[in-house]
Amino acid sequence: MASAILFTLGTRGSPLALAQALETRRRLAAAHGWDEARVAIAVIRTSGDLIQDRPLAEAGGKGLFTKEIDSALLDGRVDFAVHSAKDLPTALPDGVALAGFLPREDPRDALVSALADSIAGLPHGARLGAASLRRRAQALRLRPDLRVELLRGNVETRLNKAESGAIDATLLAMAGLKRLGLVHRARAALAIEAFLPAVGQGAIAFSARRGDARTREALAAIGDAETATALAAERAYLAVLDGSCRTPIAGHARLEDGRLVLRGQVLRADGSESFEARLAGPPADAARLGADAGRDLLGRLPPGVLAVDRAQ
């Protein structure tokens, strides 16, 4: 006789989202000594999955990957949800709370190309496919001659287009390639110092209903404290900047010799200017550190850099 379902996990249906859901289920079952089948997986199609013909910034931003999953959580169809942390809006809906993060995977970006193993090595005027405004701006900052084109779709679709010559190069998260067993298809990993990742990149987050103590206690067994500390700083930094998909914003925090070091970057969309902040402090002050970094940048940005965000 089959064991009763203990929890239902909500997730998007892309291969990467499912890989992340399966990893979360595997860790949760192992932590509690359950059969994995006792955690059901419910695939939920989101608005972000349906929109493939334009940048998410033009369609509504990050919430397009979470809105339908949040609805399923709030109405009780799922008990918790698994997300790529970088897809989470800084403000969650009333009644939804972050319940933890798995240990962070490689946060770097990867270059995929049949022509070069570095951005500098791409031919003059090469076509770079990307959907992320951050990646587009950072690439143009290094190579203003690049022709940047919109490239949406799942990881395999983007890999195939870059490898077949449909475009000359694309940028993907190393974490996603590793989780899908596809890291061998990256030509190079881009150093964090030169190509700062998105806030939350490499981390798997889980959310639950705010008042659901049973689910949140179960998830606490697999939460990683170091990742939670880094993400507390990164998300507080992003919240101060009112960050969305409409402005190129990067940020990354990590523990170094017992201190939390946060670096943040805001760019003009065309890569012509970038503005950076770097702060360090005690890990216990992660959220304050992130907010301070955001305020520091906010006070130095020229008029207009965040104007589109502020107008929304």
Side-chain angles (χ1 to χ4, degrees), residues 14-17 19 48-59 61-62 64-65 84 86-87 105-202 245-252 265-274:
S14 72
L16 178 56
D49 296 312
L50 297 171
I51 298 167
Q52 296 292 324
D53 61 345
R54 59 194 188 277
L56 290 180
E58 297 176 6
K62 287 185 180 181
L64 293 172
F65 282 131
S84 294
K86 69 178 181 178
D87 289 339
E105 195 26 293
D106 191 334
R108 294 175 296 174
D109 284 300
L111 175 72
V112 179
S113 175
L115 302 178
D117 58 9
S118 68
I119 290 177
L122 289 170
H124 184 83
R127 295 166 300 149
L128 175 73
S132 158
L133 291 186
R134 172 192 63 86
R135 288 176 175 148
R136 293 158 70 108
Q138 288 174 328
L140 287 170
R141 180 177 176 235
L142 298 174
R143 288 284 306 274
D145 61 289
L146 294 177
R147 291 181 291 157
V148 181
E149 304 174 6
L150 175 66
L151 180 61
R152 295 286 311 280
N154 64 34
V155 171
E156 190 69 47
T157 296
R158 288 182 280 171
L159 283 169
N160 289 339
K161 287 193 174 181
E163 293 168 343
S164 68
I167 56 171
D168 296 320
T170 191
L171 299 167
L172 295 166
M174 282 290 290
L177 294 177
K178 288 185 175 184
R179 290 184 179 121
L180 290 169
L182 298 172
V183 72
H184 60 284
R185 294 171 70 176
R187 286 295 296 269
L190 306 182
I192 287 177
E193 291 69 25
F195 218 89
L196 198 64
V199 163
Q201 186 156 307
C245 292
R246 301 175 189 278
T247 298
I249 298 175
H252 182 67
Q265 181 185 52
V266 177
L267 303 99
R268 290 198 183 274
D270 62 1
S272 60
E273 287 185 283
S274 70

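The residues of the chain are indexed from 1 along the displayed sequence.
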Heavy-atom closest contact ([X] atom, [Y] atom, distance):
{"X": "Val112", "Y": "Arg185", "value": "CG1-O, 3.8 Å"}
{"X": "Arg158", "Y": "Gly153", "value": "NE-O, 3.1 Å"}
{"X": "Arg147", "Y": "Gly125", "value": "NE-O, 2.8 Å"}
{"X": "Gly202", "Y": "Ala175", "value": "CA-CB, 3.6 Å"}
{"X": "Gly165", "Y": "Arg127", "value": "O-NH2, 3.1 Å"}
{"X": "Pro123", "Y": "Asp145", "value": "O-OD2, 4.1 Å"}

Which distance, rounded to the nearest 0.5 Å, do you find between the [atom1] of [X] and the [atom2] of [Y]?
{"X": "Leu140", "Y": "Arg268", "atom1": "CG", "atom2": "CZ", "value": "14.0 Å"}
{"X": "Asp270", "Y": "Leu133", "atom1": "CG", "atom2": "CG", "value": "11.5 Å"}
{"X": "Leu122", "Y": "Leu146", "atom1": "CG", "atom2": "CG", "value": "6.0 Å"}
{"X": "Glu163", "Y": "Thr170", "atom1": "CD", "atom2": "OG1", "value": "10.5 Å"}
{"X": "Ile167", "Y": "Leu128", "atom1": "CD1", "atom2": "CG", "value": "7.0 Å"}
{"X": "Ser113", "Y": "Leu171", "atom1": "OG", "atom2": "CG", "value": "10.0 Å"}

- prompt: Any ion pair linking Arg179 and Glu105 (charged N to carboxylate O, less than 4.0 Å)?
  reply: no

- prompt: Taking 4.0 angstrom as the limit, do Arg108 and Asp106 come out as a salt bridge?
  reply: yes

Using the test side-chain hydrogen bond (donor to acceptor under 3.5 Å, both in side chains), find all partners of [X] that sit at least two apart in sequence or belong to another chain.
{"X": "Arg134", "answer": "Asp109, Gln138, Gln201"}
{"X": "Asp117", "answer": "none"}
{"X": "Glu149", "answer": "none"}

Do the side chains of [Y] and [X] get nearer than 4.5 Å, heavy atoms only?
{"X": "Leu182", "Y": "Glu156", "result": "yes"}
{"X": "Leu16", "Y": "Leu180", "result": "yes"}
{"X": "Pro107", "Y": "Ile192", "result": "yes"}

message: Tell me whether Ser14 contacts the main-chain N or O of Ala17 through its side chain, where contact means a donor paired with an acceptor under 3.5 Å.
response: yes

message: Donor-acceptor pair, distance only, cut-off 3.5 Å: does the side chain of Arg136 make one with the backbone of Ala131?
response: no

query: Will you find, in the side chains of Arg141 and Ser274, an N or O donor that is under 3.5 Å from an N or O acceptor?
result: yes

